[in-house]
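Structure first, then comments.
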Amino acid sequence: MPQQQRAIRTRQVILSAAAKVFEERGYTAARLGEIIERANVTKGAVYFHFQSKAELALAVMDEQRRFVPPSAPRPSPLQDTIDLTHRVARDLQENVVLRAAVRLVIEQGSFTMPNPSAYLMWVRSLRGLLEAARENGDLRPEVDLDDVADLVVGALTGIQLMDQVLTGRSLFTLKITNLWRYLLPGLTTPDRLPALRPEGSLPAEP
């Protein structure tokens, strides 16, 4: 295997191990020694890619970008907005890297220099979909796109945190459905509302 490919593979192995430790223990309690042991690499290999635990945590947080689907023209951008939030819920239930990234984002008060990029990434993604929904005529004219994008990201953050404590996120999808059921009448017009599915329109899991 070429050296560059080995380096990329080693970095991903370290990130995967770090995600498991961060997800289980949180940032403060996570130890680099345990991450090294889980990854089965040398300390030098870790420090070749990451200069500190904080830098490693930021790299795990940045992995959230893999879970944001590329934007593409769709018949209903507002339904796509709803579906994106349900996709996040599904990914949180299935993927340890995203769970670790979300936990680290919430725990950023423990970092020397908190990084707002994760929140801003999700806000921008939702705002882009909402802007397309406005162009499609799906939104009431008085709706402020920035306010709604901030509100939805903030609500998702709080809902997943509460549901993690109460049910291990087993009811996360149901609670997102309830969020949209009560939010949609204030966002869209009565003639568009019946066509929208607050429970999402993602394909059923196999």
Side-chain angles (χ1 to χ4, degrees), residues 1-72 83-129 153 156-161 163-165 167-170 172-173 176 202-203 205-206:
M1 183 185 296
Q3 184 175 358
Q4 185 177 8
Q5 287 184 326
R6 284 200 302 271
I8 292 171
R9 182 180 180 279
T10 299
R11 187 178 188 277
Q12 286 304 125
V13 167
I14 294 167
L15 280 175
S16 178
K20 292 173 183 175
V21 175
F22 285 135
E23 197 262 338
E24 292 170 8
R25 310 202 186 287
Y27 178 78
T28 302
R31 294 183 300 103
L32 272 176
E34 184 174 2
I35 293 171
I36 291 167
E37 184 177 339
R38 294 269 191 112
N40 194 27
V41 297
T42 65
K43 184 184 292 186
V46 172
Y47 282 108
F48 175 80
H49 292 281
F50 308 101
Q51 295 183 4
S52 64
K53 183 173 78 169
E55 186 174 313
L56 183 51
L58 291 172
V60 171
M61 289 164 56
D62 195 54
E63 287 289 287
Q64 288 182 88
R65 297 181 188 279
R66 295 194 293 110
F67 296 89
V68 180
S71 59
D83 291 349
L84 175 59
T85 62
H86 281 282
R87 188 176 292 108
V88 171
R90 182 181 293 183
D91 287 337
L92 273 169
Q93 291 170 331
E94 297 174 352
N95 194 287
V96 66
V97 175
L98 184 58
R99 290 198 300 271
V102 168
R103 177 167 184 170
L104 288 168
V105 168
I106 293 169
E107 292 183 356
Q108 281 194 88
S110 304
F111 293 26
T112 305
M113 296 180 64
N115 188 335
S117 62
Y119 288 114
L120 295 176
M121 175 190 68
W122 288 109
V123 168
R124 281 194 297 268
S125 296
L126 284 172
R127 195 194 186 286
L129 287 169
V153 172
L156 287 176
T157 302
I159 290 169
Q160 74 85 23
L161 182 60
D163 198 52
Q164 177 193 2
V165 173
T167 75
R169 295 195 183 96
S170 65
F172 191 19
T173 297
I176 291 176
L202 297 176
E205 293 179 311

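These figures come from a predicted structure and were not determined experimentally. Computed from heavy atoms alone, side chains included, the values below leave out hydrogens, waters and symmetry copies.
- Shown here are the side-chain contact (heavy atoms from CB on, under 4.5 Å) partners of Glu34, two or more places apart in sequence or in another chain: Val21, Arg25, Arg31, Arg38.
- Using a 4.5 Å cut-off on side-chain heavy atoms (C-beta onward), Leu15 and Val60 make contact.
- Minimum heavy-atom separation, Val41 to Ala45: CB-CB, 4.1 Å.
- Thr10 has its side chain within reach of Ile14: a pair of non-hydrogen atoms, C-beta onward, lies under 4.5 Å apart.
- Expressed to the nearest 0.5 Å, how far CD of Gln164 lies from CD of Gln93 amounts to 12.0 Å.
- Minimum heavy-atom separation, Arg11 to Ala59: NH2-CB, 4.0 Å.
- Here the options are His49, Lys53, Glu55, the test is side chain to side chain contact (heavy atoms under 4.5 Å, CB included), and the partner is Gln51; only Glu55 passes.
- Closest approach of Ala19 to Ala100, counting heavy atoms only: O-CB, 3.1 Å.
- Residues Leu156 and Val88 have side chains not in contact (no heavy-atom distance under 4.5 Å, counting atoms from C-beta outward).
- For Val123, the side-chain contact (heavy atoms from CB on, under 4.5 Å) partners at least two apart in sequence or on another chain are Ala149, Asp150, Val153.
- One finds the CZ atom of Arg90 at 16.0 Å from the CZ atom of Arg169 (value rounded to the nearest 0.5 Å).
- A heavy-atom distance below 4.5 Å is not found between the side chains of Thr157 and Trp122.
- Around CD of Glu37, the count of heavy atoms belonging to other residues, nucleotides or ligands within 6.0 Å does not exceed 12.
- Using a 4.5 Å heavy-atom cutoff, the side chains of Ile35 and Phe22 are in contact.
- Tested against Phe172, the residues Thr85, Thr167, Asp163 include a single side chain to side chain contact (heavy atoms under 4.5 Å, CB included) partner, Asp163.
- Taking CZ of Arg6 as the start and CD1 of Ile8 as the end, the distance is 11.5 Å to the nearest 0.5 Å.
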